[in-house]
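Here is the structure we will look at.
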Amino acid sequence: MLKSILAVSEGGPDAAMSFRLAARVAAVFDASVDALHLPVGPAGGAIGGLAMSGEAMPLIMNLDDERLEERAKESDRAYKEVLGANAGSTYTAAETATLDTLVAMGRCSDLLVLGRPGSDPENVAPATVEAAIHECARPVMIAPPNAGTGGFGSIIVAWNGSFQAARAVEYALPFLAKANSVTLLVVGSKADDVGASYLARNLGRHGIKTTIDAIDPGAVSGRARGRALLDYTHGKGSDLLVMGAYGRGQVMSFLGLGGATGKVISSCRVPLLMAH
């Protein structure tokens, strides 16, 4: 069960996205939210000593102290507006907070929530996303611009039989148990080749009814497979997409992640739950 949610903001458009989705999840699970503001760029020690891949290094403008202060105020404003009244919620902000702070708090949380990367012109590819996925050993939810409201009744699980997908399913069990509709979607393979029926059987023993579906985008790039997954998810009007996070340090890929992963993170219009 989810009881502690870490919502991360760097003071840009991600603040409202992250905090609103965290509030939505907290309402579903009667959980508390710990909000964390991280300053971007050298002033905040954004790299924090972690071994980030070159592709995942933050692409930022040279922000002066005044602009960094404004971003901190935006995180504080969003917290007070969205989460201030939530019982048990906390807010942490420090001029010297680093990715190490994110990892330390993240590993002690049940779920991390971050706003969609790529939406902030001052921080185009934040290192926070890779740190959350690869360093925290916890599920990570990426919030779209519109976090939505209410429960997560319709869920798509992208299944390819990998350990990343298996871990994502494990982390998603609290959501799956509350869903009205769960679809196990196989992209580019036959369902039997990736053990989808075994997963359906196991989830059934948890009281979770599933439907298995498969789509074949053909011999296409990773980004094209990601696009096919998004088209299916959006077309079904789903409330949540669950998938594994693939790749690290990939050349010329968004956030240094695999092509399909980067495409889905940057373009998914519904909340996205991921695990590595």
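Just so it is clear, the structure is predicted and the values come from calculations on it, not from any experiment.
Asp213 meets the side-chain contact (heavy atoms from CB on, under 4.5 Å) test with Thr183, Leu185, Tyr232; sequence neighbours excluded. Listed by chain and residue number, Trp159, Val186, Ala191, Ile212 satisfy the side-chain contact (heavy atoms from CB on, under 4.5 Å) test with Ala196 (two or more places apart in sequence, or in another chain). Here Thr210 pairs with Val182, Leu184, Ala200, Leu203, Ile208 under the side-chain contact (heavy atoms from CB on, under 4.5 Å) rule; sequence neighbours left out. Applying the ring-ring contact (aromatic ring centres under 6.0 Å, His included) criterion to Phe175, with sequence neighbours excluded, gives Phe29, Phe152.
For the pair Thr211 and Ser181, the minimum side-chain heavy-atom distance is 4.5 Å or more.
Judged purely by atom type and a 3.5 angstrom limit, Asp110 uses its side chain to pair as donor or acceptor with the backbone of Ser4. Using modelled atom types, one side-chain atom of His234 and one backbone atom of Leu230 make a donor-acceptor pair closer than 3.5 Å.
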Enumerate, atom names and distances included, each donor-acceptor pair closer than 3.5 Å involving a side-chain atom of residues 16-26, sequence neighbours excluded.
{"residue": "Ser18", "atom": "OG", "partner": "Val8", "partner atom": "N", "Å": "3.2"}
{"residue": "Ser18", "atom": "OG", "partner": "Val8", "partner atom": "O", "Å": "3.0"}
{"residue": "Ser18", "atom": "OG", "partner": "Val113", "partner atom": "O", "Å": "3.0"}
{"residue": "Arg24", "atom": "NE", "partner": "Gly150", "partner atom": "O", "Å": "2.8"}
{"residue": "Arg24", "atom": "NH1", "partner": "Ala147", "partner atom": "O", "Å": "2.6"}
{"residue": "Arg24", "atom": "NH2", "partner": "Thr149", "partner atom": "O", "Å": "3.4"}
{"residue": "Arg24", "atom": "NH2", "partner": "Gly151", "partner atom": "O", "Å": "3.0"}

Enumerate donor-acceptor pairs with a distance under 3.5 Å from any side-chain N or O in residues 73-94 to protein atoms, sequence neighbours excluded.
{"residue": "Glu74", "atom": "OE1", "partner": "Arg77", "partner atom": "NE", "Å": "3.0"}
{"residue": "Glu74", "atom": "OE2", "partner": "Arg77", "partner atom": "NH2", "Å": "2.9"}
{"residue": "Ser75", "atom": "OG", "partner": "Ser9", "partner atom": "OG", "Å": "2.6"}
{"residue": "Ser75", "atom": "OG", "partner": "Gly11", "partner atom": "N", "Å": "3.3"}
{"residue": "Ser75", "atom": "OG", "partner": "His37", "partner atom": "ND1", "Å": "2.7"}
{"residue": "Asp76", "atom": "OD2", "partner": "Lys80", "partner atom": "NZ", "Å": "3.1"}
{"residue": "Arg77", "atom": "NH1", "partner": "Glu81", "partner atom": "OE1", "Å": "2.5"}
{"residue": "Tyr79", "atom": "OH", "partner": "Ser89", "partner atom": "O", "Å": "3.4"}
{"residue": "Ser89", "atom": "OG", "partner": "Asn86", "partner atom": "O", "Å": "3.3"}
{"residue": "Thr90", "atom": "OG1", "partner": "Asp34", "partner atom": "OD1", "Å": "2.6"}
{"residue": "Tyr91", "atom": "OH", "partner": "Asp76", "partner atom": "N", "Å": "3.2"}

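Taking hydrophobic clusters as Ile, Leu, Val, Met, Phe, Trp and Tyr residues chained together by side-chain heavy-atom distances below 4.5 Å, Ile265 shares a cluster with Val140. If you chain together hydrophobic residues whose side chains sit under 4.5 Å apart, Val129 and Tyr171 never meet in one group.
When each of Thr233, Ile155, Asn146, Asp239 is checked for a side chain to side chain contact (heavy atoms under 4.5 Å, CB included) with Val270, only Thr233 meets the rule.
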